[in-house]
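So you know, we letter chains A, B, ... as the sequences are listed, proteins then strands, and number each from 1. Computed from a predicted structure; not experimentally measured.
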Amino acid sequence: MSDSFFNKVYDVVKKIPYGKVTTYGAIANYLGSGGSARTVGWAMNNSHCFEDIPAHRVVNRNGILTGKHHFSGTNLMQQLLESEGVKVEEDKIVNFDDHYWVPN
DNA sequence: TCCATGACATCCA
DNA sequence: CTGGATGCCATGG
């Protein structure tokens, strides 16, 4: 379990700095060892059991809040991002490139 | 081993 | 823009 692909994903997501966001593909690319955006998304689906996972900072490659439906409401994810200084409009991040962070 | 699912990515009509 | 199809990989039944 600790050595599962999930742990790697969680570890990276937890390292995302305040006010920054990343994409599933970026994480998958960073892990590299057998990993695809799908596997990352699947791991995030389980992240709902882990409070330490700022999943709202993880979006798809367009910066769209694809996983917002997994949060409590429909705008909670957006609220969290805007609360960190990340502007969101029409379910997508504004100036995404400026907030884009990659594990390195 | 095969089948189904998943918060993706990318291509195409 | 929307929807379908394909590829990718991990996990569970």
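If you measure from atom CG of A:L65 to atom C1' of B:dC8, you get 15 Å, rounded to the nearest angstrom. What separates CG of A:L81 from C1' of B:dA7 is a distance of 14 Å, to the nearest Å. Between the CE atom of A:M44 and the C1' atom of B:dT5 there is a distance of 17 Å, given to the nearest Å.
Taking each heavy atom of A:G73 and A:L76 in turn, the nearest pair found is N-CB, 4.2 Å.
Residues A:L80 and A:F96 fall within the same hydrophobic cluster, defined by Ile, Leu, Val, Met, Phe, Trp and Tyr side chains chained together at heavy-atom separations under 4.5 Å.
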Pairs under 3.5 Å (N/O, protein and nucleotides 9-13 of chain C):
| from | atom 1 | to | atom 2 | distance (Å) |
| --- | --- | --- | --- | --- |
| C:dC9 | O4' | A:S36 | OG | 3.2 |
| C:dC9 | O2 | A:T39 | OG1 | 3.2 |

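Separating the CH2 atom in A:W101 from the OG1 atom in A:T23 is a distance of 11.0 Å, to the nearest 0.5 Å.
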Check your understanding: Taking it one step at a time, do A:H56 and A:E84 satisfy side-chain hydrogen bond (donor to acceptor under 3.5 Å, both in side chains)?
Key -> CA-CA 11 Å; A:H56 59 271; A:E84 296 186 358; 3.1 Å; yes

Point to revise | A:F71 vs A:L65, side chain to side chain contact (heavy atoms under 4.5 Å, CB included): CA-CA, chis, key distance, verdict | key: CA-CA 11 Å; A:F71 285 78; A:L65 283 53; over 6 Å; no

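Looking at residues two or more places apart in sequence or on another chain, you find a ring pair (Phe, Tyr, Trp, His ring centres under 6.0 Å) between A:Y10 and A:F50.
Counting any heavy atom pair closer than 4.0 Å across all strands shown, A:A55 reaches a base atom. Across all strands, A:N45 comes closer than 4.0 Å to base atoms (heavy-atom distances).
Other residues, nucleotides and ligands contribute over 12 non-hydrogen atoms within 6.0 Å of the NZ atom of A:K20. Annotation: A:K14, atom NZ; neighbour count of heavy atoms from other residues, nucleotides and ligands within 6.0 Å is above 12.
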Check your understanding: Using Watson-Crick and G-U wobble pairs with both distances under 3.5 Å, what is the 5'-to-3' dot-bracket string of DNA chain B, with [ ] for crossing pairs and | for pairs outside the strand?
Key -> .|||||.||||||

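Mapping A:R61 and A:Y24 onto DNA chain B by nearest heavy atom places A:Y24 at the nucleotide closer to the 5' end.
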